[in-house]
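Working notes, structure below.
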Amino acid sequence: MLARIKEFLGMEAKPKEEASQQEVEKVAEEEKTKPRIGYIHLSGCTGDAMSLTENYDILAPLLTEMVDIVYGQTLADVWWDDENPMPEMDLALVEGSVCLQDEHSMKELLEVREKAGLVVAFGSCAATGCFTRYSRGGQQANPRHESFVPIADVVKVDLAMPGCPPSPEIIAKTVVAVINGDMDYLQPMMDLVGYTEACGCDLQLKVVNQALCIGCGTCAMSCPTRAVTMTNGRPEVNSDRCVKCGVCYIQCPRSWWPADRINQDLGL
Amino acid sequence: MVLGTYKQITLARSTDKQIQKISQDGGIATGLLCFALDEKIIDGAVVAGPSDEMWKPEPTVALSSDEIMAAAGTKYTLSPNMWMVKEAVRQYGLEKAGIVTIPCQTMGLRKMQSYPIGVRFVADKIALDIGICCTENFPFESLKTFISAKAGVNFDLVEKMDIGKGKFWVKTQDDMISFPIKETHGYEQSGCKVCLDLVSELSDISTGSIGAPDDWSAVQVRTDIGETVFNKAVDAGAIELKPIDEGKFGLEMLTRLSKSKKEKAMKEIDRRKELGLPVPYKASSEKEDPLANV
């Protein structure tokens, strides 16, 4: 499964002739083992982890039978310090943005990129910065901590799953897609890696200004903070409420259009 | 597939006399939602209900047949029904929500169901989507302007509006005024110009007046859910059927109008692509079926 993902993402882009028999066997061996997952908690509120655990019905078999959680403070109680090196991971879910002034966070993120095959920006803080974008420092516990950025600003990210938090369903659907190697389903999440500067004002800039808005109201429905209302059939964003999660623009039917998947899901 | 994928296409109308009286054509949206509510297939529905202002609809969560019937009839302006979907599930606690959507709203709904990125436990509460045929939609001020300027009717006196036989009809208590539909061009919202969907191709059941005689609707049953609900309503006698006319004023017209909407939209999509303007759909050169809604 992971071999397929890596191949698709061009992470094992070795030319065919170089792939020795030994390497093929290694990949085959890897296929049999459960994927090793890490959960890295940077500057976020743990809401994304909470949303993950809301998949009660699939969580137990997922955690015990399908994957190995090898790293994480909340899900596995494994910490990284000088005596305990960070383990190798097939996939790392990173929650939270990264604070440029926080040496520990920076070090951990860079180490994760080294140790993980795939890095997922999990939740809007990691993907777009979300409400940590408003930070201006000058507060305890460390007044110097003021610059929080999406993790893609610092390391290469393979998948982005925004949301404040991402819904339990999208997490479950993504996990299933990863296990099935369903790249078509994951494609939008790969594309969203580049969407790091999100704001409710994207509705105005990228939809209304571009003559694309049809006033369906999907943006206003999906806003987690009720920052978006509809006035005369157009979204109106209360910037005091907007947390810059990007969900309104991501759910807009005029931002990207997954037609094939929808037809498939509906049996059409 | 100019009319999308469907299991059945037929003329249909509600058998309920009250619904026939108040609804637009065959009263299919109203009739099916009332039936589904009675049968507990849905426990409420998001509809374009009345607001404080005449002819300006407001997305409303209807919990009774009366509330569904209060939303009967077409309003030719924007009602962001998707906005109320989360409200319906959270505030009203609907477990099985019905919804009426025009094609673009159907697309927002289906995208949310396939990719519920930020929408927690709402997608699975949608039990039935009735799609409405739509050629284009008008901002409220546009509607007011051409009703008063083209038809010369005081907006407050309008009793019913309709599009049919190439004309926009305005009915008042003692008059029926019409003007060619062509004259509404330039008043529609521009987002409609790239829309490839006339017949709500992704709904469970779609309904509209194009291709149907007066007081009937042309209905397409599309999904398994749609088929189950529709057949139940027909078996129970809530909906009666009549085969659709294959000819010039029936299926042929529906096909022709859908094709022409798609062709116009594809031209605009290609033009936008050339200009480097964003558009979520593929250029005609990028897809097998140049008229597909992709």
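Every chain is numbered from 1, with letters handed out A, B, ... down the list of sequences. Keep in mind it's a predicted model, so treat the numbers as computed, not measured.
- Interface remark: A/D265 contributes side-chain atoms only to the contact with chain B (heavy atom separation under 4.5 Å).
- Side-chain contact, A/T132 with A/S97: a donor N or O sits under 3.5 Å from an acceptor N or O.
- For the residue pair B/D43 / B/Y92, no side-chain donor-acceptor distance below 3.5 Å is found, with atom types taken as modelled.
- Using a 4.5 Å cut-off between heavy atoms, A/Q264 makes no contact with chain B at all.
- Neither the backbone nor the side chain of B/E141 comes within contact range of chain A; no heavy atom of the residue lies under 4.5 Å from a heavy atom of that chain.
- Using a 4.5 Å cut-off between heavy atoms, A/V228 contacts chain B through its backbone alone, with no side-chain atom that close.
- Chain A forms the most heavy-atom pairs under 4.5 Å with one residue out of B/I117, B/L109, B/L202, B/T101, and that residue is B/I117.
- No side-chain donor-acceptor contact under 3.5 Å links B/S206 and B/S200.
- In this structure, chain A has heavy atoms under 4.5 Å from both the backbone and the side chain of B/N293.
- Residue A/M161 does not touch chain B at all, counting heavy-atom pairs closer than 4.5 Å.
- The pair A/R113-A/D158 meets the salt-bridge criterion, with a side-chain N (NZ, NE, NH1 or NH2) lying under 4.0 Å from an Asp/Glu carboxylate O.
- Residue contact with chain A, scored on non-hydrogen atoms closer than 4.5 Å, involves the backbone and the side chain of B/F121 alike.
- Among the candidates B/W55, B/Y76, B/F146, the single residue satisfying the ring pair (Phe, Tyr, Trp, His ring centres under 6.0 Å) test with B/F138 is B/F146.
- Salt-bridge formation is not detected for the pair B/E263/B/K267: no Lys NZ or Arg NE/NH1/NH2 atom is positioned less than 4.0 Å from an Asp or Glu carboxylate oxygen.
- Using a 4.5 Å cut-off between heavy atoms, B/Y281 touches chain A through its side chain atoms alone.
- Both the backbone and the side chain of A/T229 come within less than 4.5 Å of a heavy atom in chain B.
- Neither the backbone nor the side chain of B/P139 has a heavy atom closer than 4.5 Å to any heavy atom of chain A.
- By number of non-hydrogen pairs under 4.5 angstrom with chain A, the leading residue of B/G191, B/G108, B/A292, B/C192 is B/G191.
- Using a 4.5 Å cut-off between heavy atoms, B/K7 does not touch chain A at all.
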